[in-house]
Amino acid sequence: MDLLEELGAKSQQRANIGGLNRHHIGGQWVESASGAVFTAINPATGERIADLAEANAAEIDAAVDAARTALESPAWGGMLPNQRGELLWRLADLIDFHRDELARLESLDQGQPVGIAANMSAAGAAAHFRYYAGWTTKLDGRVPSVSRADAMLYTQRIPVGVCGLITPWNFPLLIAAWKLAPALATGNTVVLKPAEQTSLTTLRLMEIMEDAGFPRGVVNVVTGGGSTGRLMVEHPGIDKVSFTGSTAVGRSIVRGAAGNLKRVSLELGGKAASIVCQDADLEKSVPKNIANVTNNSGQVCGALSRFYVHESRYEEFVERSAAILGGLKIGPGLAAGTQMGPLNSEEHLNRVDSLVAGALDAGAQAVVGGGRLGGSLAAGSFYAPTLLTGVEESMDVAREEIFGPVMPVMTYSDEEEVLARVNDSEYGLSASVWTENLGRGHRMAQRISAGAVRVNTVSGLDPAAPWGGLRSSGWGREMGEEALEAYTEVKATWIGLD
Ligand code: NAD
């Protein structure tokens, strides 16, 4: 048995949900000191999976202390860049080794089809750790051309310090990796809090990180809800917060971080537009639009959630889209053949439904869907894939983030007009343009005000590709070389030459 198999086998013995109801602080698994717990629910059935520990102020203090000690320890602070790279690479190998198990756990807790959990979440997490493993030995400084004969200057990228990472419930494992990989590659230590709806794969990842050999205290995991997150944001011992979640909470984080002027990165909401031009190839582009809007039941920050179709192609677009949406296989993420799973919670389902109901009340029509699914799916949080016509730009469904499998379809007649409408949004995360005219595609991509624009495609998430938004979609970028900036400070050192 090689080392990888041995480590994997050891970890699998502990892989039971009952063993995941603790915080991980300073290398120890600790039970909730206060006894306070919250419940993880399976969104496909509404059943309880586990009770998890709710962290209080003393536990956040302990996690921050452990992270601070690790930051300055020889084991982590003194670790060489290539050794950090090897550790991150080993973690990626272990995630691959446990991919099926992680995928099942993610599907159970989050609801996503197990194929997405394996190929997007678990495989994507491993890819992020591998990508940033390579960066550990490439964090170079500069020797700026200072106008001094008696001195020279060099700069270095140094870790920000203790990073508080707060993740959402839509892609718990993958988004934890988006944050952990660059934070650790650059030598920081971490207090990580997963969303209260979906903590299980983060806790399991922590076990795998122990097996990979991360020194104690480098990564600490605390579980809990918004109040636990707020304690982290306001903690004077945390130097930086990286948050992915709603715009409303993002705003409160900016206010809460003011105490010690924490560095703050925010990946917030989006309202991605899909612009279907008069010359779009609908046979190719409609299936891509639908795959995007139904991926993870639409609970994707970059999900297309307002559709501007040239008036000459409107009927064809609606007809083709409705035919695909109506034929999707919907069911529990763990059931064979499921293409779309439930929404993550009843609370979230009610939010999606109220946006759709508001549009229907205001005169929109549901060509397919329009409400929750019943029958054998009634106990879970299943929402019908929905296509709305008769949508007005002023409706909430056309302006607010939906985060569900809903397509509000509108028409346009002129390029200038559609660009103005697309850019008139509080959000600026991403958009897609569909056209067979290369010049039009580039021209529109240049003029769309968003962090990422895609021409004739929807995919865009890759460890090498910077991701983040303009305006209320957030601050900073995750992934790519850009994320290294978010987790480092520049230090300048002067050397006298005379
Ligand atoms: P949320 O903002 O309610 O919660 C996100 C996380 O913040 C959770 O861990 C939660 O416990 C914590 N939290 C809640 N209140 C807090 C507070 N006051 N202080 C500190 N932490 C607090 O968001 P959500 O409902 O979990 O996630 C859905 C939202 O996330 C959507 O709006 C979606 O667009 C956004 N999102 C954005 C991206 C992106 O990359 N831009 C990715 C995924 C999700």
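Note that this is a predicted model, so its numbers are computed, not measured. Read the numbers this way: they start at 1 and go in the same order the structure lists the ligands and their atoms.
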Looking at ligand 1, does [X] have a heavy atom less than 4.0 Å from it?
X      : result
Ile175 : yes
Ser252 : yes
Phe171 : no

Taking 4.0 angstrom as the limit and counting only heavy atoms of [X], give me the atoms of ligand 1 inside it, by number and element.
X      : value
Gly229 : 19 (N), 20 (C), 21 (N)
Ala195 : 8 (C), 9 (O)
Ser246 : 1 (P), 2 (O), 3 (O), 23 (O), 29 (C), 30 (O), 32 (O)
Gly225 : 11 (O)
Glu267 : 37 (C), 38 (C), 39 (C), 40 (O), 41 (N)
Pro168 : 26 (O), 27 (O), 43 (C), 44 (C)
Lys193 : 8 (C), 9 (O), 10 (C), 11 (O)

Between the side chains of [Y] and [X], is the shortest nitrogen-to-carboxylate-oxygen separation below 4.0 Å, so that they form an ion pair?
X      : Y      : answer
Arg99  : Asp96  : yes
Arg204 : Asp109 : no
Glu489 : Arg263 : yes
Glu481 : Arg157 : no
Arg421 : Glu393 : yes

Does the side chain of Phe243 reach to within under 4.5 Å of the side chain of Val264, using non-hydrogen atoms?
no

ask   = Among Gly468, Cys301, Gly245, which one has a heavy atom closest to atom 38 (C) of ligand 1?
value =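 That would be Cys301.
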
Shortest reach to atom 28 (C) of ligand 1 by a heavy atom, considering only Phe403, Tyr427, Trp467
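Minimum heavy-atom distance to atom 28 (C) of ligand 1 goes to Phe403.
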
Looking at [atom], what's its closest protein heavy atom, distance included?
atom                    : answer
atom 19 (N) of ligand 1 : Arg230 N, 3.5 Å
atom 16 (C) of ligand 1 : Val249 CG1, 3.4 Å
atom 15 (N) of ligand 1 : Gly226 CA, 3.5 Å
atom 25 (O) of ligand 1 : Trp169 NE1, 2.8 Å
atom 41 (N) of ligand 1 : Leu268 O, 2.7 Å

* **Option from His23, Lys193, Met206 for which side chain to side chain contact (heavy atoms under 4.5 Å, CB included) with Val221 holds** =>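 That would be Met206.
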
So is [X] polar-close to ligand 1, meaning N/O to N/O under 3.5 Å?
X      : answer
Ser473 : no
Glu196 : yes
Phe243 : no
Thr247 : no
Val233 : no
Thr244 : no
Thr167 : yes

Polar contact flag, side-chain donor to acceptor under 3.5 angstrom, [X]-[Y]:
X      : Y      : value
Ser252 : Arg230 : no
Arg454 : Ser432 : yes
Thr186 : Tyr132 : no
Glu196 : Thr223 : no

If we set the cut-off at 4.0 Å for heavy atoms, which region of [X] has an atom near ligand 1: side chain, backbone, both, or neither?
X      : answer
Thr228 : neither
Glu401 : side chain
Asn170 : side chain

Inset, instruction - On the 0 to 90° scale, with breaks at 30° and 60°, tag the His348-Phe403 ring pair as parallel, tilted or perpendicular. - result: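 If you compare the ring of His348 with that of Phe403, the planes turn out perpendicular.
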
Rounded to the nearest 0.5 Å, the CD1 atom of Ile290 sits from the OG atom of Ser321 at a distance of 4.0 Å

* If you round to the nearest 0.5 Å, how far is OG of Ser449 from CG of Leu429? ->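 So the CG of Leu429 and the OG of Ser449 are separated by 11.5 Å.
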
For this session: Verify the contact flag for atom 13 (N) of ligand 1, where contact means a protein heavy atom under 4.0 Å away.
Result: yes

ask   = Is the distance between the ring centroids of Trp135 and Tyr487 less than 6.0 Å?
value =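 Judged by ring-centre distance (under 6.0 Å), Trp135 and Tyr487 do not meet the cut-off.
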
Checklist entry - Taking the six-membered ring of Trp467, is the NZ or CZ of Arg477 close enough (under 6.0 Å from the centre) and on axis enough (within 45°)? => result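 That pair does not qualify as a cation-pi contact.
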
